[in-house]
Amino acid sequence: ELKVEQNPLFLSMQEGKNYTIYCNYSTTSDRLYWYRQDPGKSLESLFVLLSNGAVKQEGRLMASLDTKARLSTLHITAAVHDLSATYFCASGGWASGSRLTFGEGTQLTVNP
Amino acid sequence: EAQVTQNPRYLITVTGKKLTVTCSQNMNHEYMSWYRQDPGLGLRQIYYSMNVEVTDKGDVPEGYKVSRKEKRNFPLILESPSPNQTSLYFCASRSGDRVYGYTFGSGTRLTVV
């Protein structure tokens with residue numbers, strides 16, 4: 001059974017600081033997704049990572065994937081208040097078709 | 001506009017009264033899924049479908065049914081809702097190309113009393 005664990009679950013940081021959210025998954029996976037969710041809203045796709053060593057960047061967010069370590073990271077650079085949201089990683093195992101397992105989510109608060 | 005449309009957005013119902021939450025996508029996606037989101041438990045997959053007439057159970061399928069008679073529609077049916085099915089439900093779809101992530105609907109907040 002695929003398990004996905006994120007840490008930290010809660011993160012409070014100051015504007016301008018850097019931080020990393022970690023996502024560990026338990027079995028071999030062929031894809032890793034990062035999503036953002038604002039309170040009361042739906043999920044917005046941020047990144048799709050498909051291969052070992054994949055790195056993608058969008059604005060102040062950068063995601064990477066290490067399939068050997070079964071680890072993905074979401075790095076936040078010079079945080080701003082608008083990044084406050086809950087971030088989820090999700091993984092699908094090999095030949096799992098449409099099955100997707102989500103982490104518990106990291107609630108990020110960026111304080112002025 | 002490419003989107004996944006769920007209806008209704010909010011629903012309050014009574015225990016045992018059958019209900020259907022509709023989901024429709026206009027992107028010609030093969031894959032569709034239903035999730036429920038509960039505080040402290042994150043998102044859990046209920047059912048998924050890889051194409052028309054092809055569905056399979058996710059992690060928490062008990063108490064739910066689905067059907068995929070047309071590619072664009074994937075309704076979620078609660079034959080006899082119970083209070084423990086009170087939750088926020090999301091429908092999502094994606095193409096067969098893994099390069100793209102799932103597109104999520106706006107969500108349906110269901111309360112069963």
Side-chain angles (χ1 to χ4, degrees), chain A residues 1-7 9-10 21 23-27 29-51 54 56 58 61 63 65 67 72 74 85-107, chain B residues 1-7 9-10 23 25 27 29-52 54-61 66 68 71 74 88-109:
Chain A
E1 181 190 346
L2 175 61
K3 292 190 192 307
V4 180
E5 293 183 346
Q6 286 180 237
N7 71 83
L9 298 183
F10 299 92
I21 299 170
C23 174
N24 288 92
Y25 53 96
S26 61
T27 63
S29 171
D30 63 349
R31 56 199 188 278
L32 194 295
Y33 302 93
W34 284 96
Y35 289 91
R36 168 182 172 145
Q37 185 180 36
D38 292 297
K41 302 290 186 182
S42 185
L43 283 85
E44 173 192 356
S45 179
L46 294 175
F47 301 108
V48 180
L49 304 168
L50 299 176
S51 59
K56 290 195 175 179
E58 180 75 32
L61 300 177
L65 180 63
T67 58
S72 180
L74 181 67
T86 299
Y87 293 85
F88 292 93
C89 65
S91 181
W94 283 109
S96 65
S98 192
R99 293 200 68 165
L100 201 59
T101 300
F102 278 79
E104 296 164 294
T106 297
Q107 189 175 315
Chain B
E1 181 190 351
Q3 60 185 359
V4 177
T5 303
Q6 290 179 233
N7 281 295
R9 290 291 308 277
Y10 301 91
C23 174
Q25 49 94 3
M27 297 166 280
H29 283 170
E30 289 86 354
Y31 292 94
M32 298 186 75
S33 282
W34 276 103
Y35 296 86
R36 60 178 288 174
Q37 185 176 26
D38 302 289
L41 296 175
L43 282 105
R44 294 176 292 167
Q45 195 169 37
I46 302 171
Y47 269 95
Y48 61 97
S49 169
M50 289 172 277
N51 216 321
V52 175
V54 181
T55 63
D56 207 348
K57 297 177 182 178
D59 297 315
V60 287
V66 292
R68 187 97 181 269
K71 198 170 186 180
F74 191 42
L88 178 59
Y89 291 87
F90 288 103
C91 179
S93 73
R94 72 169 177 92
S95 71
D97 188 339
R98 294 181 304 132
V99 171
Y100 301 102
Y102 278 86
T103 300
F104 279 76
S106 300
T108 296
R109 187 166 292 281

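As a basis for the values below, the full set of heavy atoms in this structure was taken, side chains included, without hydrogen atoms, waters or symmetry mates.
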Heavy-atom distance under 4.5 Å to chain B: side chain of A/Q107, backbone, both or neither?
neither

For A/F47, which atoms come within 4.5 Å of any heavy atom of chain B: side chain, backbone, both, or neither?
neither

Can you measure from OG (A/S42) to CD (B/Q6) and round to the nearest 0.5 angstrom?
7.0 Å

With side-chain contact (heavy atoms from CB on, under 4.5 Å) as the test, would you mind laying out the steps for B/Y102 and A/L43 before giving the verdict?
CA-CA 9 Å; B/Y102 278 86; A/L43 283 85; over 6 Å; no

Hey, could you give me the CG/CD distance between B/L43 and A/E104, rounded to the nearest 0.5 Å?
11.5 Å

Crowded around B/Q3 CD? As in, over 12 foreign heavy atoms under 6.0 Å?
yes

So does B/R109 have more than 12 non-hydrogen atoms from other groups sitting under 6.0 Å from CZ?
no

Heavy-atom contact with chain A under 4.5 Å, split by part of B/D59
both

Answer with side chain, backbone, both or neither: which region of B/E30 has an atom nearer than 4.5 Å to a non-hydrogen atom of chain A?
neither

In terms of heavy-atom contacts, B/F90 and A/K41 come closest through CZ-O, 3.8 Å

Pairs of heavy atoms under 4.5 Å with chain A: top-ranked of B/G42, B/S106, B/G40
B/S106

